[in-house]
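The structure appears right after this line, and notes come after that.
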2 protein chains.
Amino acid sequence: MIVYCVELTTGTLGLARQSIEDIRKAELIEAALAVVAEEGHDAATTQKIAARAGISAGIVHHYFGDKATLLQATMRAIRKPVALAYAENLAARGLTEPVGRAALEACLEAHLSPSILTVRRAAAWLQFAARVAYVPDYARVHSLVRYRQVAALTRAVRPLVPQQSEAAQQGMRLAVALDGYWMECATREGGLRSGEARMAIDALLSDSIW
Amino acid sequence: MIVYCVELTTGTLGLARQSIEDIRKAELIEAALAVVAEEGHDAATTQKIAARAGISAGIVHHYFGDKATLLQATMRAIRKPVALAYAENLAARGLTEPVGRAALEACLEAHLSPSILTVRRAAAWLQFAARVAYVPDYARVHSLVRYRQVAALTRAVRPLVPQQSEAAQQGMRLAVALDGYWMECATREGGLRSGEARMAIDALLSDSIW
DNA sequence: ATTTATAGATTGAATGATCAATCAATTTAT
DNA sequence: ATAAATTGATTGATCATTCAATCTATAAAT
């Protein structure tokens with residue numbers, strides 16, 4: 001049974017009209033994310049994803065063409081909350097430039113705070129990241145995400161290190177550590193313990209050089 | 001064409017006799033490792049693995065019973081060189097107790113030195129690690145490896161931190177960082193750059209507390 | 001307001017491909 | 001001669017994708 005969200009498509013609140021297509025795509029992405037996180041990329045069949053979304057399997061191909069395109073869109077969706085949280089954290093600190101210790105903390109929090117680094121998100125991301133070497137579509141998303149991540153960290157860190165050249169190294173080191181925590185969250189039963197994220201952020205903030 | 005390695009099975013050097021079974025199992029594990037690393041866990045069919053080992057697909061089930069058992073054995077084989085290198089590094093430093101800064105360096109080197117942290121090994125490990133939440137067999141191997149890793153790091157670090165309780169935290173932090181580097185090696189094209197491992201070790205050795 | 005036309009949305013059965021596992025037959029070693 | 005090793009065709013299951021048929025919504029026409 002399909003419910004057409006008329007209050008969304010013809011809402012009077014000035015919201016952009018959401019076509020059925022946009023709604024179905026979003027539902028399928030959310031369903032794919034859930035199935036991939038809970039059962040793994042291997043077990044994420046179109047049947048399961050469609051069933052999770054409450055629609056027929058044929059819909060996947062009607063809107064996305066094929067399963068691979070849906071999964072690529074799903075991978076992109078996983079990291080959006082991190083970027084949004086970073087922007088929010090910067091704004092909350094009144095920073096106009098994403099630079100310095102406060103910006104670094106904003107970035108680390110955007111990656112590690114419990115509201116962002118959930119077991120579901122980490123598990124889903126790991127499913128895609130593990131296939132980067134074999135699926136060019138995933139490699140493209142991954143390298144873009146990683147590039148922006150390292151760039152943000154490097155920029156934040158620049159005024160904190162004595163030499164310019166060290167900033168890039170520190171940015172990479174921090175990105176590697178963040179990856180480690182995401183992996184830990186995905187592979188350890190129950191994810192990170194309460195307070196562990198905060199300790200990790202503090203540890204990374206007090207690391208070595210600065 | 002099967003070559004029976006008579007010089008191994010009947011060698012006069014005091015080596016333990018290696019039965020055909022042991023030889024075939026080792027060949028299959030090596031082949032599985034290669035296929036998993038090069039094409040991914042998903043694409044590692046029994047056909048491909050057997051072809052890589054130069055034998056028929058039926059052999060997998062003759063010696064391992066099923067594919068899952070072969071893959072579990074393969075996962076275990078991936079981390080053996082790390083443990084061996086740690087023991088060697090300790091011995092090379094003349095350490096009788098795996099404790100202190102030299103032991104920590106020995107452990108970090110065992111995880112990160114270019115001879116150990118190859119793209120093939122990191123890629124293969126990531127294939128299995130990404131599935132620990134969904135394959136109990138992999139979870140068992142992973143948690144054992146992780147337990148021993150954290151234990152070794154914690155023990156090495158204990159005399160370097162002011163309070164006992166901090167050692168476990170530092171051990172976990174180091175393990176997370178090591179995971180990050182393994183993941184980076186697996187997901188970045190070409191793996192770590194030359195010298196990057198050495199810099200990572202030095203950075204971890206000079207980190208924060210000690 | 002009712003009807004009708006049209007385009008879009010949805011379904012689910014059918015297709016063809018892939019693969020793990022089995023097993024009877026064959027080869028090899030002792 | 002006996003046991004072990006090996007082969008490769010077969011089986012049955014799973015899955016992505018296709019497609020013809022059905023359903024729904026919207027707008028034009030009456």
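Letters go in sequence order (proteins before strands), and every chain restarts at 1. As the structure is a prediction and not an experimental result, all values here were calculated from the model.
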(request) Taking side-chain contact (heavy atoms from CB on, under 4.5 Å) as the test, write out the residues that go with A:E38, two or more places apart. (result) A:A34, A:R52, A:R120
(message) Quick check with a 6.0 Å cut-off and a 45 degree axis cone: is A:R79 positioned over the face of A:W182's six-membered ring?
(response) yes
(request) Assign the ring pair A:W125 / A:H142 to parallel, tilted or perpendicular, where the plane angle (0 to 90°) is split at 30° and 60°. (result) parallel
(message) What is the distance, to the nearest angstrom, from the CZ atom on A:R24 to the C1' atom on C:dT11?
(response) 13 Å
(request) Find the distance A:I59:CD1 to D:dT18:C1' and express it as a whole number of Å. (result) 14 Å
(request) Measure from CD1 on B:I55 to P on D:dA4 and round the result to the nearest Å. (result) 19 Å
(request) Considering just the side-chain nitrogens and oxygens of B:Y63, establish if one lies under 4.0 Å of OP1 or OP2 belonging to D:dA4. (result) no
(request) Kindly indicate, with the supporting measurements, whether the criterion salt bridge (Lys or Arg N to Asp or Glu O under 4.0 Å) is fulfilled by B:D42 and B:R131. (result) CA-CA 11 Å; B:D42 300 348; B:R131 289 165 175 83; 2.6 Å; yes
(message) Whether B:R101 and B:E105 form a salt bridge (side-chain N of Lys/Arg under 4.0 Å from carboxylate O of Asp/Glu) is what I want to check.
(response) no
(request) Round to the nearest Å and state the distance from A:I49 atom CD1 to D:dA16 atom C1'. (result) 11 Å
(message) Using only atom types and a distance under 3.5 Å, with no angle test, would you say the side chain of B:Y63 pairs donor to acceptor with the backbone of B:D22?
(response) no
Protein-nucleic acid N or O pairs under 3.5 Å, nucleotides 17-21 of chain C:
residue : atom : partner : partner atom : Å
C:dA20  : OP1  : B:K67   : NZ           : 2.5
C:dA20  : OP2  : B:T46   : N            : 3.1
C:dA20  : OP2  : B:T46   : OG1          : 3.0
C:dA21  : OP2  : B:H61   : NE2          : 3.1
C:dA21  : OP2  : B:K67   : N            : 2.9

(message) If I take atom CD in residue A:E39 and atom P in nucleotide D:dC15, what distance separates them, rounded to the nearest angstrom?
(response) 10 Å
(request) Measure from the side-chain heavy atoms of A:E21 and tell me the nearest of D:dA5, C:dA9, C:dT10. (result) C:dA9
(message) Can you measure A:H41 atom NE2 to D:dC15 atom C1' for me and round it to whole angstrom units?
(response) 14 Å
(request) Grab the NE2-C1' distance between B:H62 and D:dA5 for me, whole Å please. (result) 6 Å
